[in-house]
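Worksheet: one structure, shown below.
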2 protein chains.
Amino acid sequence: MTQTPSAKPRQTASKPASAAAGARKAGRGPAKTDMAGIAAVDGAADVEQRIYQSVFDGVLNQRLPPGTKLPEPALCALFGVSRAVVRKVLQRLEHDRIVELRPNRGAVVAAPTPEETRKIFEARRALEAALVELAVQRHSGKDIEELHALLHQEEEAMANAYQPAWAQTARNFHLRVAALGGNPILLAYLTELISRCSLIVALYEPAGNAACEHEEHCDIVDAISKGDAKRAVASMNAHLVGLEERICLERPSSVKTLAQMLNLA
Amino acid sequence: MTQTPSAKPRQTASKPASAAAGARKAGRGPAKTDMAGIAAVDGAADVEQRIYQSVFDGVLNQRLPPGTKLPEPALCALFGVSRAVVRKVLQRLEHDRIVELRPNRGAVVAAPTPEETRKIFEARRALEAALVELAVQRHSGKDIEELHALLHQEEEAMANAYQPAWAQTARNFHLRVAALGGNPILLAYLTELISRCSLIVALYEPAGNAACEHEEHCDIVDAISKGDAKRAVASMNAHLVGLEERICLERPSSVKTLAQMLNLA
DNA sequence: TTTCTTCAAATCGTCGACGATTTCATGAGC
DNA sequence: GCTCATGAAATCGTCGACGATTTGAAGAAA
């Protein structure tokens with residue numbers, strides 16, 4: 001459903017391991033942790049990636065609000081693997097700041113503070129500015145065509161008005177622009193930050209005023225295609241500042257925060 | 001000896017686990033992997049951190065050239081822990097790009113290619129430029145004093161002419177400047193990149209013309225203290241470009257590369 | 001009723017072991 | 001002499017189990 005934040009070439013062979021894979025019993029027992037709807041797909045693909053993606057998507061889609069506990073035994077049962085595998089995935093999720101690993105107390109879905117949110121956006125602006133500047137230098141004509149195709153895709157997603165799908169295309173756009181910069185390291189860092197931003201945006205559900213975001217995207221592409229580095233950077237910056245402001249305004253109230261408080265012990 | 005690249009609060013209690021800690025027998029057996037001198041210190045501190053630091057220092061000090069195999073059983077024996085612990089540390093080292101983890105084929109010390117090296121420096125320039133700009137905005141008088149203290153420390157290290165110590169102070173300087181930017185996320189990314197740069201610099205042993213580096217550091221501090229963002233960024237950029245050029249020039253020959261080729265199968 | 005103590009259930013950290021894959025040396029064949 | 005098949009040793013991936021810590025609730029005392 002969503003792209004892979006930190007893909008890794010694994011080939012974990014041996015063992016059938018497809019025993020209690022698609023478990024997910026409807027009436028969950030005495031366990032307090034509400035993790036319904038995690039094990040969505042059960043293809044024959046890589047198990048680790050499937051666990052990672054399931055948690056990631058769960059957080060993104062609000063099924064796993066911040067503070068939700070992710071006990072190792074429960075994940076083991078859901079995916080039919082041993083704790084060693086689950087533990088590895090949790091460590092990866094922790095590194096990407098999607099869950100928090102408290103020693104001897106288990107893993108919970110991360111809950112970014114307002115202060116953290118501000119720093120994340122500040123870092124993202126710095127990285128995207130640097131990458132856009134590189135993109136202006138290095139882009140080719142074919143790249144611009146591909147960006148236009150993406151913008152067209154955005155328009156279609158906008159018409160459908162299904163928020164998650166739109167958010168996905170927007171994320172794609174930013175990543176594609178960043179890729180033009182031609183620096184895999186900066187791109188990896190930005191991928192991480194965009195994931196965290198998506199998580200935050202999902203939390204504060206911005207009710208999607210996608211129209212103006214789309215126009216800003218168009219403006220950025222225009223500046224890049226004309227080789228105007230200064231305008232491209234300024235446009236990107238304004239775009240990101242706007243995104244952050246829209247979130248911060250929605251922050252104080254919102255029923256979601258209450259929902260989390262009911263959810264965490 | 002060196003600072004901690006990615007510190008984590010762990011408290012791994014239980015079990016004495018201080019059995020064969022300070023092993024390191026002199027005459028190494030039939031094993032081909034040369035890992036002499038890894039387990040340097042054996043304090044009662046955190047075991048994971050000790051393993052991480054030992055490998056890190058070993059790579060930095062050329063005792064572990066790129067391509068050196070790091071078999072899990074060997075590390076287990078050296079530090080007196082089980083493979084679960086070693087495996088966790090290796091995963092962390094892989095994420096920080098210090099070792100490469102090939103599935104079913106073990107871990108080896110990472111060998112950055114020239115292309116990677118270029119990208120690392122490019123990313124570092126971007127991050128340090130952004131952070132210096134923030135530092136100019138946010139620094140206080142006390143910060144400048146501390147930087148001056150660091151510069152004085154550099155002069156002393158320069159007099160002693162012991163390369164590793166000097167490199168350590170230089171790394172400290174960059175990190176302190178970056179810390180003034182007040183963004184923990186960008187700081188963490190930069191810390192990672194500076195570690196990787198240090199590894200590369202160690203490989204190509206730049207014979208330390210520390211004098212001019214020191215003067216460039218002074219110039220950067222001067223620009224920051226005067227609130228001149230443009231000059232601070234330009235100075236930092238020039239400094240980093242100089243550092244990279246000095247390395248690239250030394251790259252082609254150097255006896256070290258031959259040594260690695262003998263080491264790897 | 002409230003608060004503190006005590007205890008059992010849940011969960012985590014670490015360990016040793018088994019099967020699978022890779023690697024390396026030995027020896028046959030050309 | 002060189003190349004390729006064969007087998008054993010080394011190493012990795014995964015699993016289940018044990019002890020330690022935390023958690024949450026039941027019960028006693030104020």
Side-chain angles (χ1 to χ4, degrees), chain A residues 8-21 28-35 46-51 67-94 99-109 263-265, chain B residues 8-21 28-35 46-51 67-94 99-109 263-265:
Chain A
K8 283 171 67 174
R10 286 285 156 82
Q11 71 176 48
T12 143
S14 77
K15 283 296 165 65
S18 60
R28 50 197 185 282
K32 281 227 178 65
T33 59
D34 183 1
M35 302 174 32
D46 187 13
V47 190
E48 292 183 24
Q49 200 57 34
R50 226 175 66 224
I51 304 178
T68 306
K69 293 207 292 185
L70 300 171
E72 295 175 11
L75 292 171
C76 292
L78 278 172
F79 292 93
V81 292
S82 102
R83 282 180 49 216
V85 180
V86 167
R87 182 170 270 271
K88 202 192 306 184
V89 175
L90 284 178
Q91 201 179 333
R92 195 138 60 91
L93 284 166
E94 183 209 24
V99 309
E100 187 181 352
L101 240 56
R102 304 161 307 174
N104 268 319
R105 297 181 58 221
V108 297
V109 175
N263 216 329
L264 69 81
Chain B
K8 284 173 63 175
R10 285 286 157 81
Q11 70 175 48
T12 146
S14 79
K15 284 293 167 68
S18 59
R28 49 198 186 279
K32 282 230 178 64
T33 57
D34 183 1
M35 301 174 31
D46 187 16
V47 190
E48 292 183 25
Q49 200 56 34
R50 223 175 68 224
I51 303 177
T68 306
K69 292 207 292 186
L70 300 171
E72 296 175 10
L75 292 172
C76 292
L78 279 171
F79 292 93
V81 291
S82 102
R83 280 180 50 215
V85 181
V86 167
R87 182 170 270 272
K88 203 192 305 184
V89 175
L90 284 177
Q91 203 178 332
R92 195 138 58 90
L93 283 165
E94 184 209 22
V99 309
E100 188 182 351
L101 238 58
R102 304 161 306 174
N104 268 318
R105 297 182 56 220
V108 297
V109 176
N263 219 329
L264 68 81

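The figures here come from the full heavy-atom set of this structure, side chains too, leaving out hydrogens, waters and symmetry mates. So you know, we letter chains A, B, ... as the sequences are listed, proteins then strands, and number each from 1.
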Can you name the salt bridge (charged side-chain N to carboxylate O under 4.0 Å, His left out) partners of B:Glu100, sequence neighbours left out?
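Salt bridge (charged side-chain N to carboxylate O under 4.0 Å, His left out) check on B:Glu100 returns nothing, list empty.
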Going by salt bridge (charged side-chain N to carboxylate O under 4.0 Å, His left out), name the residues that satisfy it together with A:Arg102, two or more places apart in sequence or in a different chain.
none
Would you kindly give the [atom1]-to-[atom2] distance between [X] and [N], to the nearest whole Å?
X        : N      : atom1 : atom2 : value
A:Arg102 : D:dT23 : CZ    : P     : 7 Å
A:Asp46  : D:dG13 : CG    : C1'   : 12 Å
B:Phe79  : C:dC15 : CZ    : C1'   : 18 Å
B:Arg83  : C:dC15 : CZ    : P     : 12 Å
A:Glu48  : D:dC15 : CD    : C1'   : 14 Å
A:Arg87  : C:dC12 : CZ    : P     : 8 Å
A:Gln91  : D:dG13 : CD    : P     : 14 Å
B:Glu72  : C:dT21 : CD    : P     : 17 Å

At their closest point, which heavy atom of B:Val81 faces which heavy atom of B:Val47, and how far apart are they?
CG1-CG1, 3.5 Å
Give a yes/no answer on whether the side chain of B:Lys69 brings an N or O atom under 4.0 Å of OP1 or OP2 in D:dT11.
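So the side chain of B:Lys69 is outside the cut-off, no N or O lying under 4.0 Å from OP1 or OP2 of D:dT11.
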D:dG13 phosphate, OP1 or OP2, under 4.0 Å from A:Lys88 side-chain N/O
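Answer no for this pair, as no side-chain N or O of A:Lys88 is under 4.0 Å from OP1 or OP2.
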